[in-house]
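Report on one structure; see the data block that follows.
Nothing fancy with the numbering, it's 1 onward along the sequence.
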Amino acid sequence: MLTLEWESEGLQTVGIVVIIFASLKLLHLLGLIDFSEDTVEDEMEMATVRHRPEALELLEAQSKFKKKELQILYRGFKNECPSGVVNEETFKEIYSQFFPQGDSTTYAHFLFNAFDTDHNGSVSFEDFVMGLSILLRGTVQEKLNWAFNLYDINKDGYITKE
């Protein structure tokens, strides 16, 4: 029985790691994060940011990101999505850059639905930040719940082989 628990926990951990790395890669491709150290130019660029979500303080309180991190994320989000939202087709185009040899549209559809928590057909900055907050800084249980939601395609509370 201990072996089954170990294998199950190991698979869950691998699943979480895959989701996190895929999300980080997506953020990097979107230009939302950079893995280099902050420079003086970054600080100067931050000083010129003019467009912010009205509820930045509320988003800071709800997520696990600091105000400066939210500003950086928002700047990148607005550069890629000037309208302030991402529809599913645009999301699929961006995500397909991860898998140039294969068809990633089905998985991108499921990932889009996991980020589109209010199911309105678009991912807002707030949706995106809340998803990232869980994936990058959430507890193990929060990450598992998010991953379960991703794979529970018909939202019946079960993940089936189909």
Worksheet item: If you look at every heavy atom in A108 and K92, which pair is closest and at what distance?
Response: CB-CG, 3.9 Å
Discussion item. Just verifying a value: how many Å separate L132 CG and R137 CZ, rounded to the nearest 0.5 Å?
Written reply: 9.5 Å
Discussion item. For W146 together with Y151, are the ring centres under 6.0 Å from each other?
Written reply: no
Discussion item. Check the orientation of F91 and F112. Use parallel for under 30°, tilted for 30 to 60°, and perpendicular for over 60°.
Written reply: perpendicular
Worksheet entry | Nearest-0.5 Å distance, CD of residue E126 to CG of residue L70 | 10.0 Å
Item to complete: Would you give the length of the straight line joining atom NZ of K68 to atom CG of L73, rounded to the nearest 0.5 angstrom?
Response: 12.0 Å
Worksheet item: side-chain contact (heavy atoms from CB on, under 4.5 Å) with C81: which of V86, N87, V123?
Response: V86
Worksheet item: With under 30° as parallel and over 60° as perpendicular, where do the rings of Y74 and F125 fit, or are they tilted in between?
Response: perpendicular
Worksheet item: For D156, does its backbone N or O pair with a side-chain atom of D152 as donor and acceptor, under 3.5 Å?
Response: yes
Discussion item. Under a 3.5 Å distance rule, please check whether E69 uses its side chain to pair with a backbone N or O of K66 as donor and acceptor.
Written reply: yes
Discussion item. Are F128 and V85 linked, directly or through intermediate hydrophobic residues, by side-chain heavy-atom contacts shorter than 4.5 Å (ILVMFWY only)?
Written reply: no
Worksheet item: Are the side chain of D116 and the backbone N or O of N120 linked by a donor-acceptor pair below 3.5 Å?
Response: yes
Worksheet entry | Atom pair CD1/CG of I159 and N154 - distance to nearest 0.5 Å | 10.0 Å
Worksheet, complete the sentence: Looking only at heavy atoms, the pair that brings M130 and Q62 closest together is CE-O, 3.3 Å
Worksheet item: Shortest non-hydrogen contact from E142 to I134?
Response: O-CG2, 3.5 Å
Worksheet item: Quick check: does any side chain N or O of S133 sit under 3.5 Å from a backbone N or O of V129, one acting as donor and the other as acceptor?
Response: no
Practice prompt. Given side-chain contact (heavy atoms from CB on, under 4.5 Å), test H109 with N113 step by step and report yes or no.
Written response: CA-CA 6 Å; H109 168 74; N113 286 339; 3.1 Å; yes
Practice prompt. Report the distance from atom CG of D127 to atom NE2 of H119, rounding to the nearest 0.5 Å.
Written response: 9.5 Å
Worksheet item: Is the closest side-chain heavy-atom distance between I153 and Y158 below 4.5 Å?
Response: no
Discussion item. Closer than 4.0 angstrom, basic N to acidic O: yes or no for K67 and E57?
Written reply: yes
Discussion item. Checking K155 against N149 for the side-chain contact (heavy atoms from CB on, under 4.5 Å) test, could you report, in this order, the C-alpha distance in whole Å, the side-chain angles of both residues, the deciding distance, and whether it holds?
Written reply: CA-CA 7 Å; K155 306 302 181 217; N149 180 53; 3.1 Å; yes
Fill in: pair Y95-T90: side-chain heavy atoms closer than 4.5 Å
no
Discussion item. Using every non-hydrogen atom in the two residues, find where L150 and A114 come nearest and quote the distance to one decimal.
Written reply: CD1-CB, 3.9 Å
